[in-house]
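These notes are about the structure you will find just below.
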Amino acid sequence: MEIEVRPGLIGARVQRLEDPRLLTGHGTYVDDLQLPGTLHLAFRRSDHGHARIIAIDTEEAAAMPGVAAVVTAADIADGVKPYRATSRMPDYHPTTLPVLAADKVRYVGEPVVAVLAENRYLAEDAAEQVAIDYDPLPTVIDPEAAAQPGAPVLHEEIGSNVILSRSFSRGDVEAALAGAPVRVAGRFRMHRKTPAAMENRAYLADYDQGRRALTLYSSTQVPGIVRDSLAEILDIPGNRLRVIAPDVGGGFGGKTPLYGEEVLVCHLARKLGRPVKWCADRLEDLTTTSQAFDEIVEAELACDGDGTILGLRAEVIGDIGAYSIYPYTAALEPVQVISFLPGPYRVPSYHGAVKGVATSKALTGAYRGVGRPISTFAMERLVDMAARELSLDPLEMRRRNMVRAEEFPYKTPVGLVWDRAGFMECLDGAAAAADYDGLRAEQARARADGRWFGIGLASYAELTGLGSRISAAPGMPVNTGTETASIRIDATGAVTAAFGIASHGQGLETTLAQVVAEELGVRVEDVEVVHGDSDAVAHSTGTYASRSTILAGGAATLSARALRQQVVEAAAHLLEAAQADIEVADGAIRVAGTDRAMSFPELAKAVFVEMGRLPRELREQVDLQVTKTYDPYFGTTAPATHLAVVEIDPETYRVAIRRYVVAEDCGRIINPMIADGQVHGGVAQGIGAALYEEVVYDDEGQILTASLVDYLVPTAAEIPEMEVLHLEIETEANIGGFRGLGEGGTIGAPAALANAVTDALAPLGIDIDELPVTPDRLFRLIREANKDEN
Amino acid sequence: MKPPPFAYLAAGSLDEAISALAAGDGEARLLAGGQSLMPMLNFRLLQPGLLISLNRIPGLGGITENGGGLRIGALTRHAELERSPLVARHFPVLGAAMEHVAHLAIRNRGTIGGSLCHADPAAELPMLMCLLDAGITAQGPAGERTLAAAEFFLGALTTALAEDEIVTAIELPALAEGCGWGFEEMARRSGDFALAGAAAIISLTGDRVSEARLAVMGAHPTPLRVAAAEALLRDQTIDEDTVRAAAEAAAAAVEPDNDLHASADYRRHLIGVLTARVLRAALRRAQGETP
Ligand SMILES: Cc1cc2nc3c(=O)[nH]c(=O)nc-3n(C[C@H](O)[C@H](O)[C@H](O)COP(=O)(O)OP(=O)(O)OC[C@H]3O[C@@H](n4cnc5c(N)ncnc54)[C@H](O)[C@@H]3O)c2cc1C
């Protein structure tokens with residue numbers, strides 16, 4: 001492949017600028033912030049999955065040493081407006097989100113009583129003394145049972161646990177299925193996952209009584225959304241309300257909602273006039289941070305005799321947990337399952353329907369990949385099953401159905417449009433990098449020796465960097481389609497680029513600095529990136545949905561270009577040259593072909609200090625600060641193919657990943673090292689979903705995976721070496737030519753591993769349709785298969 | 001996840017710890033590496049009034065040769081067992097197993113005494129002590145006594161230790177010259193408590209088994225020496241059929257529970273698989289080969 005020669009910074013393996021700070025312990029996380037007089041919050045949380053609250057006795061707790069206040073729902077009604085996630089989507093029923101449960105609790109871990117004390121130890125001692133009298137109600141745990149008429153209802157005002165229904169159709173899928181020579185069907189189940197970020201959620205609110213201004217330090221991915229929401233809920237104007245996300249230790253989607261604890265620390269800080277801090281412990285994180293990936297997909301795929309896909313039909317049930325999450329709504333995850341189910345293939349007829357069902361469990365919300373890990377798992381299994389029926393190689397089956405280069409833009413059955421992207425290039429790239437034919441030969445030898453050796457492919461496409469025409473969640477009344485960058489050269493000549501996005505591990509301080517530096521003509525280290533602060537720009541949402549490089553990078557490009565033009569105009573005057581002859585590079589301003597030059601500090605001095613060097617009219621245009629907003633309008637397609645090779649111990653059923661190859665199209669690459677890291681991390685989380693991680697509730701709604709001993713996040717020892725190919729297929733879908741790559745790793749890995757494990761077990765005729773595929777699940781499947789055999 | 005209030009005593013001598021423990025009248029707890037105790041305090045599963053740290057008591061740690069075997073102080077850290085040349089020479093099975101105990105940071109703090117007294121059914125050290133016929137020495141107000149490992153473990157998280165006793169040392173008697181060993185476990189992730197594990201020692205006279213020891217863990221309320229399997233091996237020439245029969249005997253001997261990570265049936269299955277593997281490995285080592 002020919003690599004374009006780019007002397008510039010975009011495409012360079014620049015070391016992460018944030019790493020010296022973060023790796024030497026100089027990062028500042030919310031828990032590191034110490035404000036004098038801070039009160040610490042602890043909660044008494046529900047230990048019932050579903051119960052009516054009869055009485056709460058806080059007297060003993062309030063009398064404990066060091067306790068400043070014990071607060072129930074009744075105590076906060078005056079300062080906190082009720083809120084709920086609304087949507088323009090039909091057949092959707094919002095649920096009011098209580099900050100503290102008032103009359104009912106609907107999941108174990110729901111906050112009921114808040115205790116404020118001089119430190120967290122005392123707060124927990126007192127919280128233990130709160131007495132809550134419950135009248136237990138029947139729980140709803142199984143989402144299919146919960147959707148049935150007559151099931152106990154969590155939200156009486158809705159009258160059913162079915163919170164939302166949605167469907168998409170194209171063509172006559174019934175006719176396609178009826179006439180098809182090959183039909184394969186399955187019931188695919190992925191179990192609930194929790195983000196388990198390294199840093200638990202943490203909030204510190206500080207109220208300045210003199211200015212009547214509130215500052216919230218929050219480990220959030222979305223300071224803009226939190227600011228805008230709190231302004232309404234707490235009735236404070238945005239100019240006296242600031243939300244700062246300092247260093248944040250990972251989010252993976254779990255830090256995209258607004259949480260009741262965030263509302264509460266703000267309310268209490270304002271009410272009591274003292275800073276209020278709450279840092280979740282791991283127990284609270286695992287029981288109350290938004291969870292995800294909990295769907296059942298019943299799907300059927302129909303093909304022609306040569307493997308051409310004719311139609312696809314799917315019924316999806318999403319277990320959304322106890323409430324519809326704010327502000328995305330419970331539709332976010334399950335609706336994306338049916339939106340993306342057809343995958344990167346030509347699917348002429350389609351019907352996909354989804355129901356989102358409330359259950360007595362923690363809320364679900366965004367998690368890296370949102371919906372696509374499950375849709376890809378189901379579709380890629382079906383594609384392999386059809387290939388097997390047809391005795392076609394899975395690689396060939398995909399080649400025959402994948403949207404080809406000449407077919408872009410391609411409109412999917414649900415009306416999304418794929419722009420030209422490297423679908424086939426990724427498939428072929430992964431196969432070539434892995435030496436697919438060689439692997440199949442190796443597999444044949446391994447099988448002859450009785451070894452369980454499997455190869456799994458998974459291809460997908462997603463839409464990243466969504467613009468204003470497409471909402472991140474269906475019908476949500478929040479604009480997630482624009483981002484703003486504000487870049488200035490100050491009086492000392494230093495460059496500051498301010499964004500509303502909030503980097504929390506992605507390396508955006510580096511990649512955005514690379515974009516600004518390249519466009520402006522300075523060195524990367526000259527650019528100070530400000531982010532994670534609602535005061536940085538007038539409007540922003542934050543970092544999620546593989547959007548920040550495309551949207552913030554786009555805004556950076558627009559702003560930096562306009563600022564460079566100002567630099568050129570001022571320099572042309574100061575250096576007495578034509579604008580066309582001014583070169584700005586590496587932080588120096590030169591007249592081409594001469595030794596006349598000036599530095600940024602000299603230029604800044606001339607603009608801001610040495611009045612008279614520039615004419616007054618020019619100074620009115622050249623103030624060395626530019627703010628621009630970028631809206632990509634639609635989205636940018638990002639495809640990939642993953643290839644996994646596994647070997648299963650035929651006695652212990654341990655699954656070992658022997659090779660892992662990813663070929664992904666990320667468009668114009670800004671920093672290959674950071675791009676690798678995003679793919680590695682994403683795949684690691686996909687491996688977690690495929691083999692290890694599962695949130696388990698019992699029939700009473702008790703969560704059994706409430707520690708990291710029981711909720712198994714893979715460690716470095718479980719993650720294999722990966723071979724990652726970045727294909728840089730050009731795109732005009734956004735100004736920078738970038739494609740989002742933050743989530744893709746998690747989307748492809750569960751499907752690739754499910755296919756690889758199924759392939760390894762082909763001699764036994766076992767299909768993997770439930771993830772994670774744990775050794776115990778394999779044991780049961782193999783025992784059943786052996787029984788059938790006998 | 002903050003512990004409830006407690007008083008703290010860093011005991012300077014064994015006597016001080018013993019009298020504080022006795023004075024605590026059931027309200028006091030000993031703190032060794034803290035790797036099992038601290039999580040239980042943070043979850044408020046235990047609310048002791050007094051924590052007595054053993055960490056500053058001189059002479060409670062360390063590994064010394066004793067007869068042909070070893071004496072291991074109760075405060076000896078897992079990491080020391082893992083790296084000790086004495087352990088590697090006398091009881092290679094013990095050294096090799098240690099890398100499966102939790103993670104490096106935990107092995108730097110966790111102690112053999114703590115592991116034995118905590119008595120997790122899936123912990124490696126209790127099983128290995130049963131395998132190695134260890135004597136566990138404890139001291140209390142009434143003096144010192146030594147319990148055989150086989151009598152020490154009564155149930156999950158339950159031992160024969162009296163409330164006012166402190167484990168001071170572990171005595172490991174010498175193994176037969178030239179014996180072979182095997183250790184295997186199956187854990188979900190590296191460093192997790194095992195779903196099941198097994199360890200074996202085999203000594204040969206000619207090609208006949210003169211001594212066979214088999215211990216299993218993780219599938220029974222306590223670690224278990226499988227007498228039935230040992231009897232099947234003793235005085236036999238081991239072939240694949242004997243290995244299978246012993247594996248079946250081991251699987252039949254355990255009474256596993258269903259839990260989050262594995263069903264009882266799978267655990268029983270693993271005991272059979274792992275038993276066969278450790279027996280094959282021990283046999284090969286006893287024959288002077290590397291498995
Ligand atoms: C994440 C994690 C994973 C782990 N994985 C494993 C594993 O795979 N395998 C494994 O075996 N262990 C594992 N452990 C446990 C670890 O090995 C502990 O170190 C060990 O179980 C307890 O040793 P300790 O010295 O830390 O004891 P402590 O936690 O200090 O004490 C444990 C108990 O023993 C008592 N006690 C301690 N010393 C004495 C003594 N001398 N006399 C009388 N009573 C005493 C204490 O009062 C307490 O009740 C794991 C722990 C963690 C946190």
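These numbers come from a predicted model, not from an experiment. The basis for the numbers below is simple: all heavy atoms, side chains too, and nothing from hydrogens, waters or symmetry mates. Chain identifiers are assigned alphabetically (A, B, ...) following the order of the sequence lines, protein sequences preceding nucleic acid strands; residue numbering begins at 1 within each chain.
Between R280(B) and E240(B) there is a salt bridge, with a side-chain nitrogen of the basic residue lying less than 4.0 Å from a carboxylate oxygen of the acidic one. Using a cut-off of 4.0 Å between Lys/Arg side-chain N and Asp/Glu carboxylate O, E82(B) and R77(B) are scored as not salt-bridged. Ion pairing of D265(B) with R783(A) is present here, as a side-chain N (NZ or NE/NH1/NH2) and a carboxylate O approach within less than 4.0 Å. Using a 4.0 Å cut-off between charged side-chain N and carboxylate O, K361(A) and D319(A) make a salt bridge. Note on R188(B) versus E693(A): no salt bridge recorded, every NZ/NE/NH1/NH2 to OD/OE distance being 4.0 Å or above.
Using a 30° and 60° split on the angle between ring planes, Y653(A) and W452(A) fall in the parallel class, below 30°.
Looking at L778(A), there are no atoms closer than 4.5 Å to chain B (heavy atoms on both sides), in backbone or side chain. Residue contact with chain B, scored on non-hydrogen atoms closer than 4.5 Å, involves the backbone and the side chain of E124(A) alike. Within the 4.5 angstrom heavy-atom criterion, no atom of P39(B) approaches chain A. With a 4.5 angstrom heavy-atom cutoff, E128(A) touches chain B only via side-chain atoms. For A187(B), the part lying near chain A is the backbone, with the side chain staying farther off; criterion is any non-hydrogen pair under 4.5 Å. Heavy-atom distances place no part of R780(A) under 4.5 Å from chain B, backbone and side chain included. Residue L122(A): no heavy atom, backbone or side chain, is found under 4.5 Å from chain B. Looking at N42(B), neither its backbone nor its side chain comes within 4.5 Å of chain A, counting heavy atoms on both sides. Of the atoms belonging to E184(B), not a single heavy atom falls under 4.5 Å from chain A. Of the atoms belonging to F43(B), it is side-chain heavy atoms, and not backbone ones, that fall under 4.5 Å from chain A. For chain A, the nearby part of R44(B) is the side chain; its heavy atoms alone come within less than 4.5 Å.
When M186(B), K2(B), H103(B) are compared by the number of non-hydrogen pairs under 4.5 Å with chain A, K2(B) comes out ahead. For the set V713(A), L712(A), D710(A), the entry with the most heavy-atom pairs within less than 4.5 Å of chain B is L712(A). Ranked by non-hydrogen atom pairs under 4.5 Å with chain A, the options S263(B), P3(B), G272(B) are led by S263(B). Put simply, of R267(B), M1(B), H269(B), the one with the most heavy-atom pairs under 4.5 Å next to chain A is M1(B).
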Does the pair E651(A) and R277(B) meet the rule for a salt bridge (Lys or Arg N to Asp or Glu O under 4.0 Å), with working shown? CA-CA 10 Å; E651(A) 291 184 323; R277(B) 289 185 181 184; 2.8 Å; yes
Could you give me the CA-CA distance, side-chain angles and deciding distance for R192(A) and E694(A), then say whether salt bridge (Lys or Arg N to Asp or Glu O under 4.0 Å) is met? CA-CA 6 Å; R192(A) 206 172 247 251; E694(A) 176 174 3; over 6 Å; no
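No more than 12 heavy atoms of other residues, nucleotides or ligands sit less than 6.0 Å from atom CG of D25(B). Remark: E721(A) CD is loosely packed, at most 12 non-hydrogen atoms of other residues, nucleotides or ligands lying under 6.0 Å away.
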